[in-house]
Every structure is written in C-alpha cells, then in structure tokens.
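In listed order, ligands and their atoms are each counted from 1. We count residues from 1, following the sequence as given.
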Amino acid sequence: MIAAIHPATAIAHPNIAFIKYWGNQDEALRLPLTGSISMNLDGLFTSTTISPDENLTTDSFWLDGVSQSGSALDRVINYLDQVRNLAEKEFYVRVESTNNFPAGAGIASSASAFAALAVAAASVFGLDMSEAQLSALARLGSGSASRSIPAGFVEWQPARTHNNSYARSIAPADHWGLIDVIAILNPGQKKTGSTEGHRLAQTSPLNVARVALVPERLERCRQAILERDFEGFAEVTETDSEHMHAVMRTSTPALVYQTSETLAILRQVKRWRDQGHAVCATVDAGPNVHVIALAAEREWLEKELNSIGTIKRLITCRPGSGARLLSESPG
Ligand code: PMV
C-alpha cells in the first residue's frame with residue numbers, strides 16, 4: 001500500500017576532504033580504515049526527488065533528465081534495497097537527480113548524490129532518523145557521503161560497526177572564511193573509481209604507515225580549524241594529500257591521478273605560500289587541484305589561476321550547509 005506516500009526532495013553539497021578517506025576495513029559496509037575531515041562546498045549541489053510509483057516493478061533512476069542503466073542504475077537499486085530492508089517496505093521508486101555542476105568537470109558527485117539520496121529515501125520509506133543515523137545511511141552508498149550530511153566543517157570517526165561510523169560537524173559553515181577554488185584540468189585517461197581504489201589501498205606497502213599517522217593528523221587538522229590557524233591547517237592538509245597519493249601510486253596496480261599539470265599547480269601554490277599568501281592545495285582521485293585559501297585571497301588567487309593556460313575553468317566554493325529535505329509528505 002503506497003497510496004498515502006508522497007514524493008520527497010532533498011539536496012546535499014559535495015565536500016572536500018582535508019584529511020582523506022582512503023581504504024576500508026569493511027568494504028561492504030564502507031567502514032573506513034581511518035577518520036577523515038572535510039568541508040562542505042556551498043554553491044555546488046545534488047537535488048534528488050524520490051517518487052513512489054505503483055506501476056514500477058523495479059526502481060528507475062534519472063540523472064540530469066537522462067534515464068540511467070547499467071552500473072549507475074545498479075548502484076542506486078542496491079542502495080535502495082538496503083533502505084527497503086531497514087524500513088521493512090517493499091515498494092519501488094523513481095529517483096530523479098540533478099547536479100548543478102557539470103558531469104564532465106571531474107568533480108566527484110558521489111558524496112552529494114548519496115547524501116541527497118539517503119535523506120530523500122529515509123523520508124519516503126518512513127525512517128525517522130537522527131543526523132548521525134542519516135550520516136551512517138549515506139555512508140552505505142559512498143563513504144564520503146557520510147560527511148555531506150552534517151553542516152560546515154565535518155569529521156567522520158572510524159568505527160567497527162555500522163551504527164557508530166558516522167560524521168558530525170566540528171564547526172558550522174560560518175566558523176571560518178575558507179574558500180575552495182577548484183582548478184579544473186583536462187581529465188586525461190579514464191580514471192579508476194574510488195570504490196575500486198579503496199580496495200587497492202591495502203596493496204601498497206605505504207598504507208600501514210599512512211594509517212598509523214592519520215590519528216595525529218586528525219587531531220592537528222581539527223585544532224587548526226577550531227583555532228583558525230591557517231599555517232598549521234595548510235601543512236597538515238598538504239601532507240595528508242601527499243601521503244594518500246603516495247599510497248595510490250604504490251598500489252598494485254598503481255593508481256596515478258595527478259598529471260604533470262597537477263604537479264605544476266601544486267608547486268606554484270607552494271611558491272605563493274612561501275611568498276606569504278594564505279593558500280594550500282589538496283587533490284582527490286582525479287587531476288583537479290583544490291586550492292584552499294582564506295577568503296581575502298580570492299580576487300588575487302582567481303586572477304593568478306586564470307592566467308595558467310592548463311586550467312579549463314575555476315569553481316570557487318565557500319563552506320556549505322548540511323543535507324536537507326526540501327519537501328515531504330504532508331502529515
Ligand atoms: O566516498 P568515495 O568512495 O568516493 O571516496 C572518496 C575518496 C577521496 O575523495 C579521494 C577522499 C575523500 O576523503 O573524500
């Protein structure tokens with residue numbers, strides 16, 4: 001009986017990790033090897049509407065107006081199966097998602113996608129959940145999605161069980177005027193997705209060292225954010241990004257996401273910091289460079305980056321809010 005169930009729409013922002021999530025202790029549950037810290041990205045978002053439909057014999061998934069099939073659809077169906085099991089419900093739904101950022105720009109959308117999907121699905125399937133429970137639910141779709149549920153600056157604690165592995169806000173979005181200027185480069189060859197990448201982390205001999213060093217880095221990064229200490233923040237953020245890419249490069253098979261263009265921009269950002277600018281850089285599972293800076297640097301920084309010929313475009317984001325429901329069943 002689904003007649004009384006109404007559609008729900010949720011939106012969520014992607015996030016950029018300062019201390020990265022790379023590798024799982026439990027692959028199926030996406031329980032990470034380490035904690036991680038990130039900032040939600042205001043201005044970029046996924047909006048997802050879930051509509052129950054009596055005529056459906058399976059779920060359907062539309063992304064930016066295009067009906068999805070194959071692995072993209074399978075991932076959504078597998079996810080909804082988990083939500084249905086939790087809710088003990090058996091009806092199917094139509095999922096319509098739009099991203100306000102271009103698919104080909106190389107900005108990972110799985111965090112905002114699964115955070116919005118989790119919030120909308122919890123509503124449609126009648127799961128009354130706390131923020132922590134929604135974060136854990138989002139994590140089942142994509143680990144970093146757990147961090148797009150709470151607002152602002154967010155930390156995801158490692159844990160051995162589903163219920164305990166969730167993210168929470170360590171500071172609201174207006175706590176610190178950081179910006180993320182995303183320098184979008186040519187994607188080059190097709191990259192290995194992060195789900196496969198997490199599996200490979202443990203094949204790197206450097207992974208054990210990285211995992212051992214992360215707890216101390218989480219502490220330093222959290223403190224630097226709380227104290228608005230840009231120097232301390234920049235140092236720990238860049239080190240963690242370097243260590244993750246060292247693990248990637250020394251995995252079997254090797255994962256090389258950074259291109260020579262990426263490295264040139266990283267070197268330039270270091271030079272600017274040496275000259276006294278409040279800028280640092282971090283890179284995810286792709287070639288793009290996220291230049292993190294104090295907001296006061298924005299005009300100067302965008303001008304400098306715009307003069308670098310290898311950068312296709314810039315997208316600048318401030319700290320963003322958490323995932324939220326826009327509409328739901330009346331009553
Ligand atoms: O949530 P996933 O499985 O897409 O993994 C995200 C991995 C990185 O973006 C490279 C790091 C992170 O913490 O966001």
A.B. asks: Can you sort out which atoms of ligand 1 are near Gly143, meaning under 4.0 Å from one of its heavy atoms?
C.D. replies: 1 (O)
A.B. asks: Suppose I only count heavy atoms of Ser110 and a 4.0 Å limit; which atoms of ligand 1 are within that range?
C.D. replies: 4 (O)
A.B. asks: State the atoms of ligand 1, each with its element, that fall below the 4.0 Å cut-off from a heavy-atom position in Asp284.
C.D. replies: 9 (O), 10 (C), 11 (C)
A.B. asks: Please check whether Ser36 reaches ligand 1 - meaning an N/O of the residue sits under 3.5 Å from an N/O of the ligand, judged on distance alone.
C.D. replies: no
A.B. asks: Parallel, tilted or perpendicular, judged at 30° and 60°: which one describes the rings of Trp22 and Tyr257?
C.D. replies: perpendicular
A.B. asks: Give the residue and atom name of whichever protein heavy atom lies nearest to atom 1 (O) of ligand 1, and the separation in Å to one decimal.
C.D. replies: Ser144 OG, 2.6 Å
A.B. asks: Check if Ser142 has a non-hydrogen atom at a distance under 4.0 Å from any atom of ligand 1.
C.D. replies: yes
A.B. asks: So if I count the atoms of ligand 1 from 1 in the order they appear, which ones are less than 4.0 Å from some heavy atom of Lys20?
C.D. replies: 13 (O)
A.B. asks: Under a 4.0 angstrom heavy-atom cut-off, which atoms of ligand 1 come close to Ala17?
C.D. replies: 12 (C), 13 (O), 14 (O)
A.B. asks: Look only at interatomic distance and state if Arg147 has a nitrogen or oxygen under 3.5 Å from any nitrogen or oxygen of ligand 1.
C.D. replies: yes
A.B. asks: Report whether Phe125 and Phe114 are members of the same hydrophobic cluster (ILVMFWY, side-chain heavy atoms less than 4.5 Å apart, transitive linking).
C.D. replies: yes
A.B. asks: Could you tell me the separation between the OH atom of Tyr21 and the OG atom of Ser144, rounded to the nearest 0.5 Å?
C.D. replies: 7.5 Å
A.B. asks: Identify, for atom 5 (O) of ligand 1, the protein heavy atom at the shortest distance, and state residue, atom and that distance.
C.D. replies: His198 NE2, 3.0 Å
A.B. asks: Please find out if less than 6.0 Å separates the ring center of Phe45 from that of Phe101.
C.D. replies: no
A.B. asks: Under a plain distance cut-off of 3.5 Å, with no hydrogens placed, do Ser142 and Arg30 share a side-chain donor-acceptor pair?
C.D. replies: no
A.B. asks: I'd like to check whether Ser194 has a polar contact with ligand 1, where a contact means an N/O of the residue lying under 3.5 Å from an N/O of the ligand.
C.D. replies: yes
A.B. asks: Would you say Leu200 ends up clustered with Val283 if hydrophobic residues are merged whenever their side chains have heavy atoms under 4.5 Å apart, either directly or through other cluster members?
C.D. replies: no
A.B. asks: Take Arg168 and Glu155 through the salt bridge (charged side-chain N to carboxylate O under 4.0 Å, His left out) test and state the conclusion after the steps.
C.D. replies: CA-CA 6 Å; Arg168 61 194 164 80; Glu155 181 165 358; 5.3 Å; no
A.B. asks: Please report the C-alpha distance between Glu235 and Thr239 in whole Å, then the side-chain angles of each, then the deciding distance to 0.1 Å, and finally whether the side-chain hydrogen bond (donor to acceptor under 3.5 Å, both in side chains) criterion is met.
C.D. replies: CA-CA 6 Å; Glu235 200 274 320; Thr239 303; 3.2 Å; yes
A.B. asks: Write out the residue and atom name of the closest protein heavy atom to atom 11 (C) of ligand 1, then the distance separating them to 0.1 Å.
C.D. replies: Tyr21 O, 3.5 Å
